[in-house]
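A quick write-up on the structure given underneath.
Each residue takes its place number in the sequence, starting with 1.
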Amino acid sequence: QASHTDDVSCQVGRNRCISHQDEIAKYFMANIDDSRHQRIKQTVMQRPEAPSDGAVHLWERLAAELVPIIGEGGFQSLHARSIHLAGKNFPWLLTIHTPASAEPRFHELKKALEGRDAMEAQAASIALLITFMDILATLIGDLLTTSILRSAWGDDVSEIAVKELQ
């Protein structure tokens, strides 16, 4: 009977330990998300005078990094899902469809963003990119997603984005 009691307290101890480990993991994952979200916000806001050009440039760089890994179809599926989810707050994004093969990949996104004032275009761009990266993180993990984002946009993304768009 003492053994059973020890097993129960040990089990309770393990659950407490696992629960504590889960809390630590959630804390670090939340910090990774916050860091990634801040990086996206800062990067999108680098070009307030031309939010559609800046956003399309960031999407092109992200696509160049991801399409070789997940394919065009995989990228378009994630992009379409992101548009659907971000469209709940920005319904006008729902007019964006997968481009025909002759159209540039982000032609409709650019047109949709150009039809809005700069603040709304930036907010929608941020929401769309965060949604996309969060979906990707759910599928492949936070660390790999952050690594892909860093590969696509570089370590000092704000300087790179400004230089390449000039």
Side-chain angles (χ1 to χ4, degrees), residues 25 28-166:
F28 284 113
M29 291 302 113
N31 284 339
I32 289 172
D33 285 348
D34 288 346
S35 175
R36 188 175 56 244
H37 293 177
Q38 285 303 316
R39 183 182 185 115
I40 290 168
K41 288 176 189 173
Q42 290 170 353
T43 304
V44 169
M45 296 175 79
Q46 288 298 311
R47 292 281 310 248
E49 73 284 356
S52 62
D53 291 336
V56 167
H57 178 73
L58 295 173
W59 277 105
E60 287 170 346
R61 292 189 61 178
L62 193 56
E65 192 68 30
L66 280 171
V67 168
I69 299 168
I70 63 174
E72 184 67 35
F75 184 86
Q76 290 298 340
S77 293
L78 288 174
H79 192 250
R81 180 68 181 153
S82 301
I83 289 169
H84 175 75
L85 294 173
K88 292 176 182 176
N89 293 320
F90 302 95
W92 50 269
L93 285 175
L94 298 173
T95 63
I96 300 170
H97 301 286
T98 303
S101 59
E103 285 182 3
R105 186 181 284 134
F106 301 108
H107 176 73
E108 286 195 29
L109 174 61
K110 184 173 174 144
K111 281 187 350 187
L113 292 172
E114 286 174 342
R116 301 293 163 173
D117 67 62
M119 293 295 288
E120 187 177 15
Q122 279 185 329
S125 295
I126 291 167
L128 190 56
L129 282 161
I130 285 175
T131 302
F132 183 92
M133 297 309 288
D134 286 352
I135 293 169
L136 188 62
T138 300
L139 296 172
I140 65 172
D142 286 312
L143 295 178
L144 188 53
T145 300
T146 300
S147 177
I148 289 170
L149 185 60
R150 187 171 286 123
S151 293
W153 294 349
D155 284 328
D156 191 9
V157 78
S158 58
E159 268 187 43
I160 293 168
V162 170
K163 286 179 185 174
E164 288 187 359
L165 289 171
Q166 290 179 345

Report the distance from atom CD1 of Ile126 to atom NZ of Lys41, rounding to the nearest 0.5 Å.
7.0 Å
Distance in Å, Gln122 CD paired with Ser52 OG, rounded so as to fall on 0.5 Å steps:
10.5 Å
Under 3.5 Å: donor-acceptor pair, side chain of Arg61, backbone of Ala152
yes
Phe75 vs Phe132 aromatic rings, parallel, tilted or perpendicular, using cut-offs 30° and 60°?
tilted
List in chain and number order the residues that pass side chain to side chain donor-acceptor pair (under 3.5 Å) with Glu72, two or more places apart in sequence or in another chain; answer none if no residue qualifies.
Gln76, Arg105
For a quick test of reading the model, state the closest non-hydrogen atom pair linking Ile40 to Leu129 and the distance between them.
CG2-CB, 3.7 Å
How long is the span from the CD1 atom in Ile148 to the CD1 atom in Ile70, to the nearest 0.5 Å?
8.0 Å
Answer whether the closest heavy-atom distance between the side chains of Asp53 and Lys110 falls below 4.5 Å.
yes
First locate atom CG of Leu136, then atom OG1 of Thr131, and finally report the distance between them rounded to the nearest 0.5 Å.
12.5 Å
Determine whether Asp142 and Arg36 satisfy the following criterion, side chain to side chain contact (heavy atoms under 4.5 Å, CB included), listing intermediate values before the conclusion.
CA-CA 9 Å; Asp142 286 312; Arg36 188 175 56 244; 3.2 Å; yes
Decide yes or no for Leu149 and Glu65: does some side-chain heavy atom of the first lie under 4.5 Å from some side-chain heavy atom of the second?
no
In Å and rounded to the nearest 0.5 Å, what is the CG to CG distance from Asp134 to Leu139?
11.0 Å
Test side chain to side chain contact (heavy atoms under 4.5 Å, CB included) on Arg39 and Arg150 and set out the steps.
CA-CA 10 Å; Arg39 183 182 185 115; Arg150 187 171 286 123; 4.1 Å; yes
Mind listing the side-chain donor-acceptor pairs of residues 84-92 below 3.5 Å, one per line with the distance, residues two or more places apart or on another chain?
| residue | atom | partner | partner atom | Å |
| --- | --- | --- | --- | --- |
| Trp92 | NE1 | Glu120 | OE2 | 2.9 |

Rounded distance [0.5 Å steps], CH2 in Trp153 versus OG1 in Thr43:
5.5 Å
Measure the shortest side-chain to side-chain distance between Leu109 and Ile83 over non-hydrogen atoms and say whether it is less than 4.5 angstrom.
no
Within the structure provided, determine whether Met133 and Leu62 are in side-chain contact (heavy-atom separation under 4.5 Å).
yes
Using a 3.5 Å distance criterion without hydrogens, assess whether the side chain of Glu108 forms a donor-acceptor pair with backbone atoms of His97.
yes
How about Pro51 and Leu113: do any of their side-chain heavy atoms sit closer than 4.5 Å?
no
